[in-house]
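Input: a single structure, listed below in structure tokens.
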Number of protein chains: 2
Amino acid sequence: MSFDLTDFLPYLLNQAAEAASLEFQREYKARYGMLRTEWRVLFHLGRYGEMSARDIVERAMIHKTKVSRAVAALEGRRFLTRREVEEDRRREVLSLTAQGRDAFTELTALAEAHDATLLRGVPEADAEVVRQVLRQIAGL
Amino acid sequence: MSFDLTDFLPYLLNQAAEAASLEFQREYKARYGMLRTEWRVLFHLGRYGEMSARDIVERAMIHKTKVSRAVAALEGRRFLTRREVEEDRRREVLSLTAQGRDAFTELTALAEAHDATLLRGVPEADAEVVRQVLRQIAGL
DNA sequence: TGATAATAGTTGAAAATGTAACTAACAAGA
DNA sequence: TCTTGTTAGTTACATTTTCAACTATTATCA
């Protein structure tokens with residue numbers, strides 16, 4: 001039989017994703033009491049600027065109920081604020097507070113360092129191949 | 001700012017893992033009403049032969065409570081059976097039923113096909129680089 | 001205009017997961 | 001033997017996630 005579990009891409013991706021998130025998760029959990037979805041929402045706002053919950057849903061491919069709850073939690077802890085949009089009163093534009101930006105800055109620095117650790121010993125050319133293939137799979 | 005979200009490995013891994021699992025998950029869910037952990041337990045038994053829950057915990061790095069519940073579910077749906085071990089009555093050896101083996105065979109074929117789809121257009125050398133790096137990150 | 005559909009976001013209940021505590025069996029040393 | 005510790009596996013409870021309504025607003029089109 002030729003097919004090993006560690007050849008199976010969804011499995012391998014899941015294991016790698018879990019391992020990669022684990023250490024970093026401890027950071028944002030311990031420092032800011034954040035959940036993973038909250039960190040991802042924060043990251044999107046920090047990296048790409050203010051946007052609506054719907055934009056985050058689309059870009060991050062996170063379900064809208066998760067985003068809704070993450071936004072509520074981040075708002076409660078004063079990491080972001082909502083602003084009504086006049087031309088469409090269903091929507092609310094989200095933006096980070098100063099505190100949210102600080103958290104973003106600190107966590108991003110940690111994330112970059114963490115990335116380097118994960119790819120220790122991997123030639124940059126190979127790392128780029130990995131990113132490329134992952135983007136394809138993720139549909140990005 | 002130099003750091004793009006799609007360069008950030010844990011993020012990229014998560015997105016790819018989620019996208020990769022999605023379609024396949026629909027298969028085992030729709031056909032067999034299986035959860036992800038259940039499919040993974042089934043896979044281990046189908047691929048590597050009978051073993052105890054503890055062995056699966058170690059090999060698959062799934063938490064023992066998840067394995068315990070998956071085993072109970074698979075047993076309830078007659079995909080596997082337990083057998084007591086005389087020399088250590090704490091342990092139970094698990095093995096697939098004929099029905100379990102059928103499911104394994106069918107799902108494995110689907111898994112292989114799914115893998116090929118995910119890697120469409122990716123040279124085999126690159127695919128191997130990806131698997132290698134993912135194994136490193138996952139600690140496999 | 002008015003009816004129907006679509007969209008943004010929220011909420012409640014059900015399902016799944018994680019954590020810790022638990023039972024039962026074995027192990028090892030005084 | 002008796003105590004203490006370890007291991008296999010299960011269960012209970014709290015937290016998260018998922019799924020299916022639901023509200024409120026905007027869009028479409030006869």
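Basis for what follows: all heavy atoms, side chains included, without hydrogens, waters or symmetry-related copies.
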Seminar exercise, completed: A:His63 atom NE2 is separated from C:dT7 atom C1', nearest whole Å, by 14 Å
Seminar exercise, completed: Taken to the nearest whole Å, CG/A:Leu74 to P/C:dT10 is 12 Å
Exercise. Roughly how many Å is it from CZ in A:Arg40 to P in D:dT17, rounded to a whole number?
Worked result: 10 Å
Problem set entry | Phosphate-side-chain proximity, B:Ser68 and D:dT10, N/O vs OP1/OP2 below 4.0 Å | yes
Exercise. Could one point to a donor on the side chain of B:Arg90 or the base of D:dT7 with an acceptor on the other under 3.5 Å away?
Worked result: yes
Exercise. With nearest nucleotides of DNA chain C determined for B:Asp88 and A:Val67 from heavy-atom distances, which residue corresponds to the more 5′ nucleotide?
Worked result: A:Val67
For this session: Using whole Å, report how far NZ of B:Lys64 lies from P of C:dA16.
Result: 22 Å
For this session: Please confirm whether A:Arg47 makes a cation-pi placement over A:Phe104, using NZ or CZ under 6.0 Å from the six-membered ring centre and within 45° of the ring normal.
Result: no
For this session: Kindly say whether, by distance alone, the side chain of A:Arg69 makes a donor-acceptor pair under 3.5 Å with the base of D:dT18?
Result: yes
Problem set entry | Between D:dT18 (C1') and A:Met61 (CE): distance, integer Å | 18 Å
Exercise. Should B:Arg82 be listed as having a side-chain N or O under 4.0 Å from OP1 or OP2 of D:dT10?
Worked result: yes
Exercise. Please give, in whole Å, the distance from D:dT11 P to B:Lys66 NZ?
Worked result: 19 Å
For this session: Please determine if A:Arg77 and A:Glu38 form a salt bridge, counting it only when a charged side-chain N lies under 4.0 Å from a carboxylate O.
Result: yes
Seminar exercise, completed: Sorted by position of nearest nucleotide on DNA chain C, 5' first, the leading residue of A:Ser52 and B:Leu35 is A:Ser52
Problem set entry | Atom-pair distance (CD on B:Glu84; C1' on C:dC26), nearest Å | 14 Å
For this session: Would you mind reading off the distance between B:Arg91 atom CZ and C:dA27 atom C1', rounded to a whole angstrom?
Result: 15 Å
Exercise. When all nucleic acid strands are considered with a 4.0 Å heavy-atom cut-off, which category describes B:Lys29: base, sugar-phosphate, or nothing?
Worked result: sugar-phosphate
Exercise. For the rings on B:Phe24 and A:Phe8, is their centre-to-centre separation under 6.0 Å?
Worked result: yes
Exercise. Any side-chain donor paired with an acceptor under 3.5 Å for A:Asp102 and A:Thr105?
Worked result: no
For this session: Describe, in one word, how the ring planes of A:Phe43 and A:Trp39 are oriented to each other, choosing from parallel (under 30°), tilted (30 to 60°) and perpendicular (over 60°).
Result: perpendicular
Exercise. Which part of the nucleic acid, if any, lies within contact of A:Arg36, taking any heavy atom under 4.0 Å across all strands shown: a base, the sugar-phosphate backbone alone, or nothing?
Worked result: nothing
